[in-house]
Amino acid sequence: MPRLVRMDATGHSQLAEWAGSGVDYDRAVEAFRAELEEGYIGVWDHRDGTATQVRELPPDADLVILRKPIAGG
Amino acid sequence: MASAALPELAAVPWRAPIDLERLRRWGRLWTLWTVGWTIPFIVAGVALTLVEPMAIPVAVASFAHAWVVPELHAFRGASVLRQKGERHAEAEPVAHGFLADLLDHEPRDLQRQTGLVLERGRLGQWLVGEAGGILFLPGSRRVHCFCVGVTDKELPPSDRIAHLLLALRSDEIGFATVANHAFSGASWRVRRRLPKPMRPAFDQALAAARSAG
């Protein structure tokens, strides 16, 4: 089942889970947008070693991860 | 909606995107920089010895500088892979499980053993740690060390690595552009400055890069 996960101080937190379009997906979209507002960046992990940044929650994604910005140290 | 470029690039608009040619140029500059630091100290040491044998202790100090300065540069390069910050013992097992979930079997085993993630990119082989990554160019003995990290210190170590890994997978060029170039030089100079448990990952990355050349 597709999941929306946020990497945070707890290790990670699952924010939403959905199956296709419907109420669960709408809630996931809401949660996703709220996290983007907080400065998180959405990454669609394709489960094959590749990833894509997303600004909208893809309904067919298996795993979408929210990460914080990085910067040169 | 998907975007190809890292949003973090907006913070460094003056930087040109990294490519192989730029990396090679940086490599040559680093060599010149190292020579520029070393030669004057060696020349001064030799000159002192020839002019005034009583000044040999000063000459030895000069030779030491010629050795220490490049060593410090290499140490700075190796530091991008060293463990940094708090360990967050409570959250780390959860974060580590999540990071392992992002990896295939072999990189997962290597990460468990060494704490580093080996990732193949278009530019070469990357070794990713908590505070940056080292890039091994195909067929080259030179490495490029990049210092980059998440600014949030509350994240457990494995989450910090996962952040870098996901950014690297999303946009490798952007990742290398956002990162600060900490060092470039011969791989052996960095390897010996790494903690011993990390060296198997370094060796594997180097072997993979050489075989790809």
Side-chain angles (χ1 to χ4, degrees), chain A residues 1-21 25-73, chain B residues 1-8 10-12 15 79-80 84 88 90-99 101-104 107 119-121 130-132 146-156 158-160 162-171 174-182:
Chain A
M1 191 178 272
R3 294 183 299 147
L4 175 64
V5 170
R6 181 186 63 201
M7 290 195 282
D8 54 28
T10 67
H12 72 270
S13 307
Q14 184 167 309
L15 302 183
E17 210 174 27
W18 68 94
S21 54
Y25 175 68
D26 292 343
R27 280 194 193 127
V29 168
E30 221 169 275
F32 181 74
R33 285 180 183 157
E35 296 298 330
L36 293 195
E37 289 287 313
E38 291 296 315
Y40 277 91
I41 296 164
V43 182
W44 176 2
D45 181 64
H46 300 290
R47 318 299 283 166
D48 61 356
T50 63
T52 312
Q53 283 168 109
V54 286
R55 288 197 287 264
E56 296 289 343
L57 189 68
D60 52 337
D62 182 40
L63 177 64
V64 176
I65 302 164
L66 290 156
R67 70 168 178 88
K68 293 190 171 176
I70 60 169
Chain B
M1 187 198 292
S3 66
L6 284 189
E8 289 93 334
V12 286
R15 289 188 183 171
S79 292
V80 304
K84 286 190 181 149
H88 298 283
E90 213 169 289
E92 175 56 14
V94 181
H96 189 254
F98 188 68
L99 174 63
D101 199 35
L102 297 175
L103 303 172
D104 266 343
E119 179 79 2
R120 200 173 91 180
E130 292 174 28
F146 292 90
C147 188
V148 60
V150 198
T151 46
D152 186 352
K153 303 294 176 211
E154 296 303 311
L155 290 170
S158 291
D159 256 5
R160 283 178 242 151
H163 270 76
L164 298 185
L165 180 66
L166 287 170
L168 174 62
R169 284 179 177 175
S170 304
D171 176 14
F175 177 82
T177 306
V178 166
N180 289 340
H181 201 202

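Residue numbers begin at 1 in each chain, while the letters A, B, ... track the order of the sequences.
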Measure distances from [X] to the heavy atoms of chain A and classify the residue's part below 4.5 Å as side chain, backbone, both or neither.
X	value
Ala179(B)	backbone
Glu119(B)	side chain
His163(B)	both
Asp104(B)	neither
Ala5(B)	backbone
Leu6(B)	both
Phe146(B)	neither

Side chains of [X] and [Y], heavy atoms from C-beta outward: is any pair under 4.5 Å?
X	Y	result
Arg169(B)	Thr50(A)	no
Leu166(B)	Gln53(A)	no
Glu8(B)	Ile41(A)	yes

Exercise. About how many Å separate CE of Met7(A) and CG of Leu99(B), when rounded to the nearest 0.5 Å?
Worked result: 9.0 Å
Please give me the minimum heavy-atom distance between [X] and [Y], naming the atom from each residue.
X	Y	value
Asp8(A)	Pro156(B)	O-CD, 3.6 Å
Ala167(B)	Ile70(A)	CB-CD1, 3.7 Å
Ala71(A)	Thr151(B)	CB-CG2, 4.3 Å

For this session: Please indicate whether Glu37(A) has more than 12 foreign heavy atoms, meaning atoms of other residues, nucleotides or ligands, lying under 6.0 Å from its CD.
Result: no
Which of [options] touches chain A most, by non-hydrogen pairs under 4.5 Å:
options	answer
Val80(B), Thr177(B), Val94(B)	Val94(B)
Leu165(B), Leu103(B), Asp101(B)	Asp101(B)
Ala131(B), Cys147(B), Ala95(B)	Cys147(B)

Exercise. Any idea which of Arg47(A), His12(A), His46(A) has the most non-hydrogen atom pairs under 4.5 angstrom with chain B?
Worked result: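 So the answer, after comparing Arg47(A), His12(A), His46(A), is His12(A).
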For this session: Begin with the C-alpha distance, continue with both residues' side-chain angles, and end with the deciding distance and a verdict on side chain to side chain contact (heavy atoms under 4.5 Å, CB included) for Asp45(A) and Leu102(B).
Result: CA-CA 8 Å; Asp45(A) 181 64; Leu102(B) 297 175; 3.9 Å; yes
Exercise. Is Arg6(A) salt-bridged to Asp159(B), going by a charged N under 4.0 Å from an acidic O?
Worked result: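 Asp159(B) and Arg6(A): not salt-bridged.
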